[in-house]
Peer 1: 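Following this message is one structure expressed as structure tokens.
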Amino acid sequence: MKIVIAEKPSVARELAKVFGATTKKNGYIEGKGYSFTWAFGHLLQLAPPQEYGFIGWRRQHLPMLPKKFKLAIRKIKTKEGFVDDPAVKKQLDIIRQLFDEATEIIVATDAGREGELIFRYIYYYLKCKKPFKRLWISSQTDEAIKEGFRNLKPGTDYDTLFNSAHCRSESDWLVGMNATQALSISAGARSVLSLGRVQTPTLAMICSRYLEIKNFVPQTYYQLSIQLDQQGQIFKAISVNSFDKKEEAEALFEKIEDLKSGFPNGGHILDVEAKPRKEPPPLLHDLSSLQQEANKKKGFTADQTLSLLQNLYESKLVSYPRTGSRYIGDDIFAGIPDLIRKVSDHPDFGKQADFLQTVSLNKRSVNAKKVTDHHAILPTGENAYGLSADKQAIYDMVVGRMLEAFHQECVKEVTKITVESGSLFTANGTVIRSAGWRSVWNDNEEEKKDEDNPSLPKVKKGELLPIIEKQLLEKQTKPKAMYNEASLLKALETSGKEIEDEELRYAMKDTGLGTPATRASIIETLITREYIIREKRNLVPTSKGLAVYDVVKDQKIAQAELTGQWEKRLEEIRTGASVTDFKSEITDYTRTITNELLAAGATLLDKMSPKTESVKAG
DNA sequence: GCAAGGTC
């Protein structure tokens, strides 16, 4: 019997289907000489400190540097505390039995670093010694799967990939566990003060933005505004320059030749510029962009959106949700017309679905090279009925985005009129000529700048128009907005792009901080630790969060660059570089940060404002 | 009690 092991049940089912294996057994599918089984993501994790004898949180244990890491079954939280997840235990037993009977093991976990780790941890935990082959495919179509099985690779081809995954895993444990205990212990251990490669830079981003806003000093500046009349159609123009000094603005204000000052036609039209502007449709959704849309439109948290989406996925209504790709391959594209046809009876989208069947589809989201482990999120075409309001809302965002992505571009006409009257003024207007993809949601929620006119009257260069009103505007510069879940997710995705060091920036070019699958839980962790709170839609640091930030802000653990450095080294390991070098670097770093935090944490209590900590202390 | 990673 040949055993195929996938990362998750949906993939195992897909593979079994291609082979025509149909006998459903407990925990696997059998047929045609194969058994298709699965994991549920990581079944095993690095064992916690107490399993190496580090019982309790004690200064003398630090840094904890296990000689050899152990693996432990994934835990779930119950009333009695953390226990082995029974579902995981059961699945491991099934896998063990299948491996025992196997004549051949075929690894079909996702084609990437973590997919490799998921399998290897199982394999080593079960002490399996049989050789294995690797299925390596980047598309889940029948043809790609068949081709992949014709081209199975020797399992050992991926040993270096496993090495890099293993290093990632152990390094996160070493740095995270030690830094967390060091800070907690030295701060008096009243509560858990967690730190980690991903959560701490995320906290730092939220805190530094908050402080930037808090310390922001608004600057007053002045602008001039005039209203012109073109045969009864009124439009507004704003001075090209803004002024720091009021006197300067007042001097030019006096020079405006408006009606009240005795000028019947004081607005000289210097120039009229009308340009079409084309907006291509947005790309299909990946998890992050969908979480952002759901947060903006519905106020859902990243975590809520992920769980609603997981639910839709388990009901087979949408494709795999934790994807980082916003593209599909040509094979999937071939099925899009069918999917669009099925939307025809949708109450909101039916009309646009009908329209799309009459035109050729936009292929902006079609690019097989940009499909990684999973393609962009799509509906499956199964009938969706009786969904809860929240689930329906998410489902509609998936369907709506599909229609948008394959729709036509939106064509706007942007007009700019330049007026002279003592000084220069411009009037801007935007008119949608052809809504294209924007007709799907029809909510045209483009932020309108307040100086924008919805539409401008026909005006010709050289014309003279009456100025019916003039105003001196006193304005203030505004700080950046506080992070909310949508803007934070975006910032996590792009955090690598702001790194100055070119190599580190390159190392993070397709990762950012965290992964699509983990970002929602990072936000939740920071909330559980009482580092941040949700205030309306904003994520605001607490005094505890700010105090932790203050201790670590200049340390490497608070910088996105740390991930960049690791990614660079891990990629080198994947291509064959020494593992021992990296490991000893991480050990050194663990020692350093542990000692620094053991010393620094003592100052942390002073930094917390009285209202959070001393109340509890009293 | 603690990381980050994956998923039901």
Side-chain angles (χ1 to χ4, degrees), chain A residues 6-12 27 38-52 54-58 61-64 69 74-77 81-82 85-88 90-91 109-110 112-122 164-185 187 189-202 287 306-307 309-315 320-324 373-374 492 511 513-522 524-526 528-529 557 562-563 566-567 570 586 590 593-594 597:
Chain A
E7 181 155 329
K8 43 190 167 274
S10 64
V11 173
W38 52 79
F40 312 111
H42 278 295
L43 301 183
L44 299 155
Q45 53 193 187
L46 296 177
Q50 60 266 30
E51 301 210 17
Y52 309 95
F54 306 120
I55 315 286
W57 292 33
R58 312 173 83 89
H61 291 157
L62 303 185
M64 304 174 287
F69 275 94
R74 185 215 291 163
K75 305 287 186 286
I76 50 164
K77 202 175 181 175
F82 287 88
D85 185 333
V88 168
K90 192 177 147 208
Q91 192 64 17
T109 47
D110 290 357
R113 199 164 74 194
E114 292 303 320
E116 190 65 26
L117 191 63
I118 285 171
F119 166 72
R120 299 276 184 137
Y121 274 177
I122 294 171
S164 80
H166 197 204
C167 281
R168 198 279 308 148
S169 178
E170 292 188 350
S171 304
D172 275 326
W173 190 105
L174 286 170
V175 171
M177 296 290 186
N178 282 295
T180 297
Q181 288 202 14
L183 185 65
S184 304
I185 290 170
R190 204 169 293 134
S191 62
V192 176
L193 299 174
S194 67
L195 298 173
R197 171 180 58 88
V198 177
Q199 62 171 267
T200 304
T202 306
L287 175 61
L306 176 54
S307 120
L309 207 54
Q310 171 70 15
N311 215 302
L312 290 166
Y313 167 64
E314 285 168 22
S315 316
Y320 179 77
R322 290 175 213 83
T323 175
D373 288 351
H374 307 279
L492 289 175
T511 45
L513 271 179
T515 70
T518 58
R519 284 181 193 131
S521 70
I522 290 159
E524 297 304 317
T525 297
L526 295 178
T528 309
R529 300 276 173 269
I557 197 171
L562 180 61
T563 291
W566 286 22
E567 287 299 337
L570 292 171
I586 293 293
T590 301
I593 182 134
T594 303
L597 289 170

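Note that the coordinates shown come from a computational prediction; the quantities given were computed from them, not determined experimentally. As a basis for the values below, the full set of heavy atoms in this structure was taken, side chains included, without hydrogen atoms, waters or symmetry mates.
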Peer 1: To the nearest Å, how far apart are A:Glu51 CD and B:dG1 P?
Peer 2: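 Interatomic distance, CD of A:Glu51 to P of B:dG1: 13 Å.
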Peer 1: Can you give one letter per nucleotide of nucleotides 2-7 of chain B, going 5' to 3': B for a protein heavy atom under 4.0 Å from the base, S for sugar-phosphate only, - for none?
Peer 2: BBBBBB
Peer 1: Could you list the residues that satisfy ring-ring contact (aromatic ring centres under 6.0 Å, His included) with A:His42, not counting sequence neighbours?
Peer 2: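 ring-ring contact (aromatic ring centres under 6.0 Å, His included) check on A:His42 returns nothing, list empty.
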Peer 1: List for me each residue that meets side-chain hydrogen bond (donor to acceptor under 3.5 Å, both in side chains) alongside A:Arg120, sequence neighbours excluded, and say none if there are none.
Peer 2: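 side-chain hydrogen bond (donor to acceptor under 3.5 Å, both in side chains) check on A:Arg120 returns A:Glu116, A:Tyr124, A:Asp159.
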Peer 1: Who pairs with A:Glu7 by salt bridge (charged side-chain N to carboxylate O under 4.0 Å, His left out), at least two apart in sequence or on another chain?
Peer 2: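 Checked A:Glu7 against salt bridge (charged side-chain N to carboxylate O under 4.0 Å, His left out); zero matches.
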Peer 1: Run the ring-ring contact (aromatic ring centres under 6.0 Å, His included) test against A:Tyr320 and tell me which residues pass, sequence neighbours left out.
Peer 2: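 Expected list: A:Tyr313, A:His374.
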Peer 1: Quick one: salt bridge (charged side-chain N to carboxylate O under 4.0 Å, His left out) partners of A:Arg74, sequence neighbours excluded?
Peer 2: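 In terms of salt bridge (charged side-chain N to carboxylate O under 4.0 Å, His left out), with neighbours along the sequence ignored, A:Arg74 is linked to A:Asp85.
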